[in-house]
Amino acid sequence: MNFDTCNGVIHVVKRGDTLYKLSRIYKVKLSDIISANPYINVYNMQAGDEVCIPVIMEEDFLIYTVQDGDTFEDVLKNTGVSPDDLFKFNPGLYKMALAADMEIKYVDFQK
């Protein structure tokens, strides 16, 4: 899967993942995931396969405001997101140093 062709988030399949399970995790309609992945073999998904999860709406994002002295580990702990998701939702963040009052977008998929 190419990030340029996915209008959303790329999910790397883990053992036990199903499209239905991904639709519940990401709060996206199953039919939207199927439409965004017309060539996926839903009966034979393998760990490591990539699935495009369609656009997450702007209103679904939460904002974490970096505090003075925060490290990336602090941001991950305080937001509860994976490093992959942090960088997917904040392109270019991996090239920057954290600064106080910087706003970082994230989605709480556990809600």
Side-chain angles (χ1 to χ4, degrees):
M1 175 71 54
N2 184 333
F3 281 102
D4 296 333
T5 60
C6 177
N7 189 18
V9 174
I10 303 291
H11 175 87
V12 178
V13 173
K14 297 173 192 69
R15 182 183 165 111
D17 280 351
T18 65
L19 294 185
Y20 177 76
K21 180 179 177 182
L22 296 180
S23 74
R24 301 288 57 113
I25 291 170
Y26 288 100
K27 300 176 184 167
V28 175
K29 291 181 187 174
L30 177 59
S31 60
D32 290 343
I33 294 175
I34 292 170
S35 294
N37 298 277
Y39 302 109
I40 195 161
N41 182 344
V42 297
Y43 300 108
N44 193 26
M45 290 195 322
Q46 303 292 315
D49 287 350
E50 295 178 334
V51 177
C52 177
I53 307 299
V55 175
I56 295 169
M57 304 304 289
E58 194 64 33
E59 59 266 17
D60 293 330
F61 283 108
L62 300 171
I63 300 294
Y64 176 80
T65 303
V66 175
Q67 303 300 307
D68 191 35
D70 272 354
T71 64
F72 277 107
E73 290 79 15
D74 295 326
V75 174
L76 295 172
K77 184 176 100 180
N78 291 328
T79 61
V81 301
S82 71
D84 287 342
D85 285 343
L86 187 71
F87 294 128
K88 284 176 194 172
F89 300 136
N90 299 276
L93 182 62
Y94 65 94
K95 297 177 188 176
M96 300 178 199
L98 292 178
D101 299 323
M102 175 186 282
E103 292 186 342
I104 297 176
K105 294 192 301 187
Y106 69 102
V107 176
D108 183 358
F109 294 116
Q110 308 308 312
K111 285 198 305 181

d(Leu76 CG, Ser82 OG) to nearest 0.5 Å is 8.0 Å
Taking every heavy atom of Ala36 against every heavy atom of Pro54, the minimum-distance pair comes out as CB-CG, 3.8 Å
In short, salt bridge (Lys or Arg N to Asp or Glu O under 4.0 Å) pairs touching residues 63-76 with sequence neighbours left out are none
Applied to residues 8-19, the salt bridge (Lys or Arg N to Asp or Glu O under 4.0 Å) test, sequence neighbours excluded, yields Asp17-Lys21
Rounded to the nearest 0.5 angstrom, the CD1-CG distance for Ile40 and Leu19 is 5.5 Å
Residue pairs passing the salt bridge (Lys or Arg N to Asp or Glu O under 4.0 Å) test with at least one member in residues 94-106, sequence neighbours excluded, are Glu58-Lys105
### Task
Would you check if the distance from the ring center of Phe61 to the ring center of Phe89 is below 6.0 Å?
yes
Between the OG1 atom in Thr79 and the OH atom in Tyr106, the distance rounded to the nearest 0.5 Å is 6.5 Å
SG (Cys6) and CG (Asn37) are apart, to the nearest 0.5 Å, by 7.0 Å
Taking a hydrophobic cluster as the set of Ile, Leu, Val, Met, Phe, Trp and Tyr residues connected by side-chain heavy atoms closer than 4.5 Å, whether directly or through intermediates, do Ile63 and Val81 fall within one such cluster? no
### Query
Side-chain heavy atoms under 4.5 angstrom apart, residues restricted to Ile, Leu, Val, Met, Phe, Trp, Tyr: same cluster for Met45 and Tyr39?
no
Interatomic distance, CD@Gln67 vs CG@Leu98, rounded to 0.5 Å, equals 11.5 Å
Separation between OG1 (Thr65) and CE (Met102), nearest 0.5 Å, reads 11.0 Å
Q.
Can a donor-acceptor pair be found, under 3.5 Å and without considering hydrogens, that links the side chain of Ser35 to the backbone of Asp32?
A. no
Handout entry: Leu93 vs Phe72, side-chain contact (heavy atoms from CB on, under 4.5 Å): CA-CA, chis, key distance, verdict
Key = CA-CA 10 Å; Leu93 182 62; Phe72 277 107; 3.8 Å; yes
Paired with Val51, the side-chain contact (heavy atoms from CB on, under 4.5 Å) test is passed by just one of Val42, Val13, Ile10, Val12, namely Val13
When every non-hydrogen atom of Leu30 is compared with those of Tyr20, the smallest separation belongs to CD1-N, 3.7 Å
Item to check | Sidechain-backbone polar pair: Asn90 side chain, Leu86 backbone, donor-acceptor under 3.5 Å | outcome: yes
